[in-house]
Protein chains: 2
Amino acid sequence: MPSYKLLYFNIMGLGEPIRYMLSYLGEDFEDNRINDYRKWQTQIKSKMPFGKLPLLEIDDKKVHQTIAICRYLGKKAKLVGDNDWEDLEIDIIIDTLSDFRSAIWSYFYNRDEENKKRVKEPLFNVTIPLYLGKFDNIIKVNGYLANGKLSWADIYFVAILEYFSFMIEQDIVTNYESISQLRDKIHSIPNIKKWLDKRPSTEW
Amino acid sequence: MPSYKLLYFNIMGLGEPIRYMLSYLGEDFEDNRINDYRKWQTQIKSKMPFGKLPLLEIDDKKVHQTIAICRYLGKKAKLVGDNDWEDLEIDIIIDTLSDFRSAIWSYFYNRDEENKKRVKEPLFNVTIPLYLGKFDNIIKVNGYLANGKLSWADIYFVAILEYFSFMIEQDIVTNYESISQLRDKIHSIPNIKKWLDKRPSTEW
């Protein structure tokens, strides 16, 4: 069994999908969390591949990029498609989730208060309901996000829901019934449930 | 042979990587370009999966998301890794290019002139040189962006270079020697060269 060491901040954020995937696989992993933001900025950031986290060490190899890592672990977990076409369907959902995340980031990480106010209205009234409504409907019709069956896209999505909810200041699962059902389905997978029971409690 | 119909705007932008990949494969494709932006906004946009382009029809199936499509075509072209680990290395680069694109977009598509000015300084002085410097160095050391051999990541990157250059108001290949060499290598592939010779001339 390979050894896994994750380095991220003490939040769910972009680290949580990797933690979910490793848990699903039944892999033990070191869950290293940076609490000291100043230390991150001055001592750690410049040593990261592109100045960012999460970073995952698999044995002695260091890899980054949450989605790339989740796809890799998804292959190990056999949570990929049965053929190239099904993998395309999974990747389409994943990239669309990234578009959605980018739209949210342009608001959440915006330090210009005036601009943030201006960005908020179209984001909250148009973009967020459009994306979440479509994701919810896909799940309603198919049971899952891609190919009508469980894939790593579902685990990635559910793992990142609390981060999304925190950033857009609303509990997504309260407002979207099929997303809520998918969340419950993923959270009832025994290895995921074990992770939820033992993970540190953080707000996002 | 499947039939391919691409729908995008009359620019290189996010459509060009798909055009490069189809050309590399030696596939004929309908290259439909929307020139009438008003028509796009009022008649076409709402019919697209998430209100966005490019859209590719493969036989009678419609798919979206440039990167997902390029990965799918990359498999057909045997421009993927030899194993899951090599595919991970390719995906890491691809996702890092997406981070870079997001950073550029926060400037280029910013309609708030005051905010745009504020975003420009750290983007142009820190983020752009950091990313391009690292990409250039990876190519310098390994010859290509991932695994020291040609992959769909190289074709995607070279196809999107002119879009990047346009958005950041500088010719990337003039300033980065190894990126320039990679561009030349990709552009000398006969099927890509054929596409370059016949494609419509657009600024970005």
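Just so it is clear, the structure is predicted and the values come from calculations on it, not from any experiment. Side-chain atoms are counted along with the backbone in the values below, which use heavy atoms only and exclude waters and symmetry mates. Order of the sequence lines fixes the chain letters, A, B, ..., with proteins taken first and strands second; residue numbering starts at 1 for each chain.
To the nearest 0.5 Å, atom CG of residue A/D95 and atom OG of residue B/S98 are 7.0 Å apart. Taking CG of B/D91 as the reference point, atom SG of A/C70 lies at 11.5 Å (rounded to 0.5 Å). Put simply, CG on A/D112 and CG on B/N110 are 9.0 Å apart, with the number rounded to the nearest 0.5 Å. How far CZ of A/F50 is from OG1 of B/T127: 12.5 Å, rounded to the nearest 0.5 Å. In this structure, A/I92 CD1 and B/T66 OG1 are separated by 10.5 Å, a value rounded to the nearest 0.5 Å. One finds the OH atom of A/Y72 at 11.5 Å from the CD atom of B/E86 (value rounded to the nearest 0.5 Å).
Counted within 6.0 Å of NZ on A/K62, heavy atoms from surrounding residues, nucleotides or ligands total 12 or fewer; the atom is thus considered open. Within a 6.0 Å sphere centred on CG of A/D28, other residues, nucleotides and ligands contribute 12 heavy atoms or fewer. More than 12 heavy atoms of other shown residues, nucleotides or ligands fall within 6.0 angstrom of atom NZ in A/K45. For CD of B/Q170, the number of neighbouring non-hydrogen atoms (other residues, nucleotides, ligands) closer than 6.0 Å is greater than 12. The number of heavy atoms from other shown groups lying within 6.0 Å of NZ (B/K140) does not exceed 12. Enclosure of atom NZ in A/K39 is not indicated, since only 12 or fewer non-hydrogen atoms of other residues, nucleotides or ligands lie within 6.0 angstrom.
Put simply, of B/K61, B/K52, B/E89, the one with the most heavy-atom pairs under 4.5 Å next to chain A is B/K61. Most heavy-atom pairs under 4.5 Å with chain B, from the set A/G51, A/P49, A/S106: that is A/P49.
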For this session: Check the pair A/K75 / B/D87 against salt bridge (Lys or Arg N to Asp or Glu O under 4.0 Å), numbers first and verdict last.
Result: CA-CA 11 Å; A/K75 289 173 188 169; B/D87 278 330; 3.7 Å; yes
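Looking at B/W85, the atoms closer than 4.5 Å to chain A (heavy atoms on both sides) sit in the backbone and in the side chain alike. Looking at B/S102, only its side chain comes within 4.5 Å of chain A, counting heavy atoms on both sides. There is no contact between B/K76 and chain A, counting heavy-atom distances below 4.5 Å. For a residue to count as touching a neighbouring chain, one of its non-hydrogen atoms must lie under 4.5 Å from one of that chain's; by this rule A/R111 does not touch chain B.
Residues B/R71 and A/R71 form a side-chain contact, since some pair of their non-hydrogen atoms from C-beta on lies under 4.5 Å apart. For the pair A/T96/B/H64, a side-chain contact is recorded, criterion being any heavy-atom separation below 4.5 Å from C-beta on.
Of the N and O atoms on the side chains of A/D99 and B/Q65, at least one donor lies less than 3.5 Å from an acceptor on the other residue.
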